[in-house]
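Input: a single structure, listed below in structure tokens.
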Amino acid sequence: MKFLDQAKIFIKSGDGGAGCVSFRREKYVAEGGPDGGDGGRGGDVWIECVEGLNTLIDYRYAQHYKAKTGTHGMGRNRTGARGADMVLRVPKGTQVLEEDNETILADLTEVGQRVLLLRGGNGGFGNAHFKTSTNQAPRHANPGQDGEEKWVWLRLKLIADAGLVGLPNAGKSTFLAAVSAAKPKIADYPFTTLHPNLGVCEIDGRGFVLADIPGLIEGAHEGTGLGDRFLGHVERTRVLLHLVDGSGENPAEAYRVIRGELEAYGHGLSEKPEIVCLSKADALSPELRDEKFAELEAACGQKPLVISSASGENIDTVQRMIIRAIDQDKQEEANSVPSAPDEEWRP
């Protein structure tokens with residue numbers, strides 16, 4: 001299935017049904033009076049987070065979504081039926097934004113969440129509603145209220161525990177394939193990965209979800225290469241795994257380029273816990289490995305972990321470090337939530 005993480009759609013709630021002008025006409029009932037019913041309410045537009053979806057591809061080929069109009073009122077004081085709602089079903093992690101693509105209307109992070117986007121129009125009053133002591137035969141009714149309409153953006157941000165970042169050809173897809181059952185495209189040229197991939201990793205009876213995004217290059221925040229739009233998929237992660245190609249010419253510069261792009265993107269990515277790894281260690285001689293290790297350590301200010309997805313060197317160690325970082329972040333999040341104040345005792 002093709003991956004699509006952004007779509008623009010038009011939504012419209014249903015119009016209210018019109019009220020009815022009717023009079024009771026029965027044999028042996030003189031001057032029966034008005035009996036026109038009210039119109040039904042128009043349908044609402046909802047958005048719901050459901051399981052089984054991981055892309056917004058359904059909204060690529062159909063951009064207009066409208067709820068049903070309420071049924072018009074009828075004689076004998078019959079109120080029209082309510083219009084059917086329109087429910088937009090989206091994957092977990094979807095945001096709904098205004099047409100300006102900045103103002104967030106809803107953020108669906110849990111399966112089962114349901115948010116009302118547009119409310120349907122009210123149904124019009126029938127002529128029975130306007131009967132008074134001085135106007136016992138009203139010959140007018142209200143039309144139904146128009147529904148609301150707008151263009152909105154749907155943006156998907158994948159829900160993952162850890163995210164992979166690095167320059168193209170840093171070994172991110174190879175690492176994801178080595179630690180999970182995911183099968184991302186792997187080749188010996190840059191920008192092999194063109195859309196994010198998810199993998200479920202398990203070690204020591206614990207599991208976590210790892211997100212791999214297309215590689216970044218210098219100037220990505222200005223649109224160079226594939227740009228930095230895919231960084232939105234690692235915004236929700238608890239830890240970043242930064243892979244630096246050990247076979248590259250300057251690991252320190254490669255590290256600084258990615259850090260610069262994370263800071264330029266913002267949204268708290270540069271403040272997330274980071275695990276730095278020197279990848280493709282199997283392609284390095286012992287002397288070159290020590291040299292690259294020292295350069296990267298001086299650039300990042302911490303001891304990087306030397307790994308090789310091909311030989312499996314330190315792959316389990318990295319996964320255990322990720323789990324520890326996730327647990328620590330969860331603990332800090334729990335400690336930062338203020339506890340509910342104790343209620344004052346009363347007799």
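- When all heavy atoms are compared, the tightest approach of L240 to L262 is CD1-CD1, 4.0 Å.
- Each of E333, E332, E271 was scored for a salt bridge (charged side-chain N to carboxylate O under 4.0 Å, His left out) with R238, with one residue passing: E333.
- Within the 4.5 Å cutoff, the side chain of D44 has heavy atoms near those of the R82 side chain.
- For the pair Y65/V45, no side-chain contact is recorded, criterion being any heavy-atom separation below 4.5 Å from C-beta on.
- Minimum heavy-atom separation, D58 to L53: OD2-CD2, 4.4 Å.
- The side-chain heavy atoms of V234 and L269, taken from C-beta on, include a pair separated by under 4.5 Å.
- Of all heavy-atom pairs between L243 and G171, the closest is CD1-O, 3.7 Å.
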For this session: Verify salt bridge (Lys or Arg N to Asp or Glu O under 4.0 Å) between D212 and K172, making sure each step is shown before the conclusion.
Result: CA-CA 7 Å; D212 171 30; K172 301 186 297 298; 5.0 Å; no

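- Within 6.0 Å of CZ in R114 there are more than 12 heavy atoms belonging to other residues, nucleotides or ligands.
- Residue-environment remark: NZ (K157) exceeds the threshold of 12 foreign heavy atoms within 6.0 Å.
- Checked by atom type and distance alone, the side chain of K292 pairs as donor or acceptor with a backbone atom of G248 at under 3.5 Å.
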Exercise. Y255 and E295: side-chain hydrogen bond (donor to acceptor under 3.5 Å, both in side chains), yes or no, with the steps?
Worked result: CA-CA 10 Å; Y255 175 81; E295 292 178 7; over 6 Å; no

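- Heavy-atom contacts from other residues, nucleotides or ligands closer than 6.0 Å to NZ of K68 number 12 or fewer.
- The shortest side-chain heavy-atom distance between C201 and S180 falls under the 4.5 Å cut-off.
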For this session: Would you check, one step at a time, whether the test salt bridge (Lys or Arg N to Asp or Glu O under 4.0 Å) holds for K272 with E263?
Result: CA-CA 11 Å; K272 287 186 179 294; E263 292 172 3; over 6 Å; no

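- E51 and K92 are not joined by a salt bridge, as no carboxylate oxygen comes within less than 4.0 angstrom of a charged side-chain nitrogen.
- Nearest approach of A67 to G14, heavy atoms of both residues: CB-N, 3.6 Å.
- S279 places a side-chain N or O within 3.5 Å of a backbone atom of A170 that can act as its donor or acceptor partner.
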For this session: Give the C-alpha distance, both sets of side-chain angles, the deciding distance and a yes or no for side-chain hydrogen bond (donor to acceptor under 3.5 Å, both in side chains) between N135 and T132.
Result: CA-CA 5 Å; N135 184 14; T132 66; 5.2 Å; no

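- In this pair, H129 and F125 present their aromatic rings parallel. The plane angle is below 30°, not in the 30 to 60° band.
- Taking the six-membered ring for Trp and thresholds of 30 and 60 degrees, W151 and H64 have ring planes more than 60 degrees apart, a perpendicular arrangement.
- Although no hydrogens or angles enter the test, the distance criterion places a donor-acceptor pair under 3.5 Å between the side chain of S13 and the main chain of E148.
- Taking the side chain as every heavy atom from C-beta outward, V115 and W46 never approach each other to under 4.5 Å.
- L241 has its side chain within reach of F175: a pair of non-hydrogen atoms, C-beta onward, lies under 4.5 Å apart.
- Side-chain N/O atoms of N335 and Q331 include a donor and acceptor closer than 3.5 Å.
- Across all non-hydrogen atoms, the minimal contact from E48 to V87 is OE1-CG1, 3.6 Å.
- A side-chain N or O of D35 and one of S22 form a donor-acceptor pair less than 3.5 Å apart.
- Looking only at side-chain heavy atoms (C-beta outward), I275 and V239 come within less than 4.5 Å of each other.
- Not one N or O on the side chain of D204 forms a donor-acceptor pair closer than 3.5 Å with the backbone of R206.
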For this session: Just do the salt bridge (Lys or Arg N to Asp or Glu O under 4.0 Å) check on E274 and R259 with the steps written out, would you?
Result: CA-CA 10 Å; E274 180 185 49; R259 290 302 301 178; 3.3 Å; yes

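- R155 places a side-chain heavy atom less than 4.5 Å from the side chain of L97.
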Problem set entry | Steps toward salt bridge (Lys or Arg N to Asp or Glu O under 4.0 Å) verdict (R236, D107) | CA-CA 12 Å; R236 303 179 191 272; D107 192 359; 2.9 Å; yes

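- Screening T71, N122, T69 against R41 for a side-chain hydrogen bond (donor to acceptor under 3.5 Å, both in side chains) leaves a single residue, N122.
- Atom NE2 of H233 sits in a crowded spot, with more than 12 heavy atoms from other residues, nucleotides or ligands closer than 6.0 Å.
- Judged by distance alone, the side chain of T79 and the main-chain N or O of G37 form no donor-acceptor pair under 3.5 Å.
- The 12-atom threshold is exceeded at NZ of K8, counting heavy atoms of other residues, nucleotides or ligands nearer than 6.0 Å.
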